[in-house]
Amino acid sequence: MDNPHKIDLNTLQTLFNIKWDTFLDNKMLIQNFCGPKIYEIFKEPCRTTGYFAILCTEGELYAEINLTPVTISAMSIMAMGPGTMFRLTGYNKEQRLNTHIIAITDSFDHSIHIDFMKLFDESLSIMENPVIKLGVSEFKILSLYYKEIKSLISLEPRPSSEVIQHLISSVLYFLGDLWARKLDKNEDKTVTKHTARSRSIFNSFIKLVRENYSSERNMAFYADKLCLTPKYLSKIIKEISGKSAPEWIDTYVVMEAKNILRYTTTPIKEIVFLLNFPNQSVFYKFFKVHTGMTPSQYRNL
């Protein structure tokens, strides 16, 4: 597939010919899938344009998120932010499969006054830990939220947008707190000790990188956008994540190069142009330093 389709609301409604329940001017979609139909829909690589989650109630799904294999089992939830490359690679055929999907545009936060980046601390939590296992009570609460949202949407006449917005705000805050608590049990707690301003700077930096990595790899560009000095920005990024700012930029560039090489037949000379390298030699050297192999070797794996 030369152009991985984007997971946006129009694509989900038209390309897959599925009847979706919508609200808030098509800013959010919510749908249940019984059986393997979800695999047939998402077995080709997709790129998210907003926020996307799969709650698995029965069975087991296998996926790749930015080329990293993950398993979504019963009572697990997977979440992804904008710009994520995603595809389902399979499912357990010996088990009944049942899933709930929620897709939200990246402008939805303006409707409910929620900063998704801050809420989920996306760059360090969801991006690196896209799947979490739920406890029985947590699973029941999320299932109830889902049913309540579906019930409100299907009411005739439909309740005011504010009613649904408040319910969505509640479930999102619940999910954000849930993610933080799950990761806090298993990961280095020093991440949580930084100031809110430092974490906000880091999240803003990651958002800028996500939007500009293919054309901008100079620290001065990102520092200028954030009204900071390159030295101070570098210090904050290193303190928050343990990785330098250039390492984060390179991570996104390498990830995109891998995605294009793995999922498309785009010629390497065109990839060089798409990722704004001066020539193939520089791109080959960059890719080999970060992966240990040439682009051609990676594509032929």
### Task
Kindly state each residue pair satisfying side-chain hydrogen bond (donor to acceptor under 3.5 Å, both in side chains) with at least one member in residues 276-289, sequence neighbours excluded.
Tyr284-Ser296

### Message
Checking Tyr298 now: which residues fulfil ring-ring contact (aromatic ring centres under 6.0 Å, His included) with it, not counting sequence neighbours?
### Response
Phe287

### By side chain to side chain donor-acceptor pair (under 3.5 Å) - contacts of Tyr232 (at least two apart)
none

#### Entry: side chain to side chain donor-acceptor pair (under 3.5 Å) involving Tyr39 - partner list, sequence neighbours excluded
none

### Task
Check side chain to side chain donor-acceptor pair (under 3.5 Å) between Glu58 and all other residues, then give those that pass, not counting sequence neighbours.
Arg96

### Six-ring centre of Phe277, Arg217 cation under 6.0 angstrom, axis tolerance 45°
yes

### Results of ring-ring contact (aromatic ring centres under 6.0 Å, His included) for Phe139 - residues two or more places apart only
none

### Task
Applying side chain to side chain donor-acceptor pair (under 3.5 Å), name anything that partners Tyr145, two or more places apart in sequence or on another chain.
Ser170

### Message
Strictly by salt bridge (charged side-chain N to carboxylate O under 4.0 Å, His left out), give each pair with a member in residues 244-257 just once, sequence neighbours left out.
### Response
Arg47-Glu256

### Message
Using the salt bridge (Lys or Arg N to Asp or Glu O under 4.0 Å) criterion, which residues pair with Glu211? Sequence neighbours excluded.
### Response
Lys207

### Residue pairs involving residues 69-84 (criterion salt bridge (charged side-chain N to carboxylate O under 4.0 Å, His left out); sequence neighbours excluded)
none

## Note on the structure
Quick note, ring-ring contact (aromatic ring centres under 6.0 Å, His included) partners involving residues 54-87, not counting sequence neighbours, are Phe42-Phe86, Phe52-Phe86

### Message
Please enumerate all residues that pass salt bridge (Lys or Arg N to Asp or Glu O under 4.0 Å) together with Lys238, with sequence neighbours excluded.
### Response
none

